[in-house]
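Residue numbers start from 1 in every chain, and the chains themselves are labelled A, B, ... in the order their sequence lines are given, proteins ahead of strands. Note that these values count all heavy atoms, side chains included, but never hydrogens, waters or copies made by symmetry.
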2 protein chains.
Amino acid sequence: MDEILNLKSQVCFPIYTLSREIIHQYRPFLDELEITYSQYLVLMVLWEQEPQTVNQIGKKLYLDSGTLTPLLKRLELKKFITRTRKPSDERVVEIGLTENGHELKSKAVLIPQKVAEAMSVSSEELLELKEIVMKILNKTKCS
Amino acid sequence: MDEILNLKSQVCFPIYTLSREIIHQYRPFLDELEITYSQYLVLMVLWEQEPQTVNQIGKKLYLDSGTLTPLLKRLELKKFITRTRKPSDERVVEIGLTENGHELKSKAVLIPQKVAEAMSVSSEELLELKEIVMKILNKTKCS
DNA sequence: CACTATTAGATTGTGCACAATATATATATA
DNA sequence: TATATATATATTGTGCACAATCTAATAGTG
């Protein structure tokens, strides 16, 4: 019993810690752009394709409207995105990027590299980590 | 630029998603014990050694007092822990387990196994994941 | 057309994380 | 022994996560 319920013998705690540590390492760089990590994720989704509905963004990030609605309102307040109800279906809110929102991408593109350097992680390690994580995630999500 | 700032090409997002997914998988089992995932982590620290100060717990979980103080008060309210100021140094709050808190351990010990099964992750995968995560974490934390 | 079910978001409430600041106690030093 | 410094925890405020509920709009059915 002592061995099982030990922080050191569990996997959940290191994963949880690493996730927080990565976000912590992103913070100083994202601070310069005046966005949070979650807002950065939303913007990444929009930089790939735009406009998208709240629902589409939520599905890609596995976040519900209770998280997204206030977050998107903050991004709108900061003039990075626009929120417009679709005329053909008033239930749907389409999220688009402003000029500012588009411009942010060129500044953000440098960050992942900087974070990897700050954490002194090699690209081999990153790849190995990503593969095993995706393998496990694909069992519960995606597939 | 398109390749770098893509959810699929980043490692941070899968880690963040896996962390949330693990907590999500723990939830139904922890609900039965009426504790949250963060409270479960605190209890694990206490099951290993008891009593411990707020500071000691915070160092092990990398959590600050702004997170721990209200969390510990909730655990106290639920009668799982006790909070006592040390007579010899009134600044220090010592956290101990109640009878209830001790008993919870025998129920909690079964959970990690159940979660691994629910996520259909093999112990080989768990080990591989843990090793690469610890390797990366050791560069920024611990060492 | 009226009625039901479905869908898309919004709202509310709880519980973290974490930065910044405050408070209270203890220790060190002149 | 005053006073400065350090230490331990608490408080406050912001921003997620997420469950549960609500509202408004649309789509399907007889």
> Can you give one letter per nucleotide of nucleotides 22-27 of chain D, going 5' to 3': B for a protein heavy atom under 4.0 Å from the base, S for sugar-phosphate only, - for none?
Replying inline: ---BS-
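A salt bridge does not link R85(B) with E90(B): every distance from a Lys NZ or Arg NE/NH1/NH2 to an Asp or Glu carboxylate oxygen is 4.0 Å or more.
Residues of residues 65-77 of chain A that place a heavy atom closer than 4.0 Å to DNA chain C, in numerical order, are S65(A), G66(A), T69(A), K73(A). A heavy atom closer than 4.0 Å to some atom of DNA chain C occurs in no member of residues 29-42 of chain A.
Of the two residues contacting DNA chain D, namely K59(B) and H24(B), the nearest-nucleotide position lying further toward the 5' end is that of K59(B).
Annotated stems with DNA chain C as a participant read C:1-30 with D:1-30, given as range with range, by first number; only runs of 3 or more Watson-Crick or G-U pairs under 3.5 Å qualify.
Evaluation of the salt bridge (Lys or Arg N to Asp or Glu O under 4.0 Å) rule for E21(B) yields K141(A) as partners, not counting sequence neighbours. In terms of the side-chain hydrogen bond (donor to acceptor under 3.5 Å, both in side chains) criterion, residue partners of R91(B) (sequence neighbours excluded) are, by chain and number, D89(B). Legend: residues meeting side chain to side chain contact (heavy atoms under 4.5 Å, CB included) with T53(A), ordered by chain and number and at least two apart, are N55(A), Q56(A), V92(A), E94(A). Considering only residues two or more places apart in sequence or on other chains, R27(A) meets the salt bridge (Lys or Arg N to Asp or Glu O under 4.0 Å) condition with none of them. Scored by the side-chain hydrogen bond (donor to acceptor under 3.5 Å, both in side chains) test, Y37(A) finds no partners at all (sequence neighbours excluded). Scanning for side-chain hydrogen bond (donor to acceptor under 3.5 Å, both in side chains) contacts around Y26(B) gives Q10(A), with sequence neighbours left out. Scored by the side-chain hydrogen bond (donor to acceptor under 3.5 Å, both in side chains) test, K78(A) finds Q39(A) as partners (sequence neighbours excluded).
The 12-atom threshold is not exceeded at NZ of K107(A), counting heavy atoms of other residues, nucleotides or ligands nearer than 6.0 Å.
On the nucleic acid side, DNA chain C has its first and last nucleotide under 4.0 Å of a heavy atom of chain B at dG15(C) to dA26(C), going 5' to 3'.
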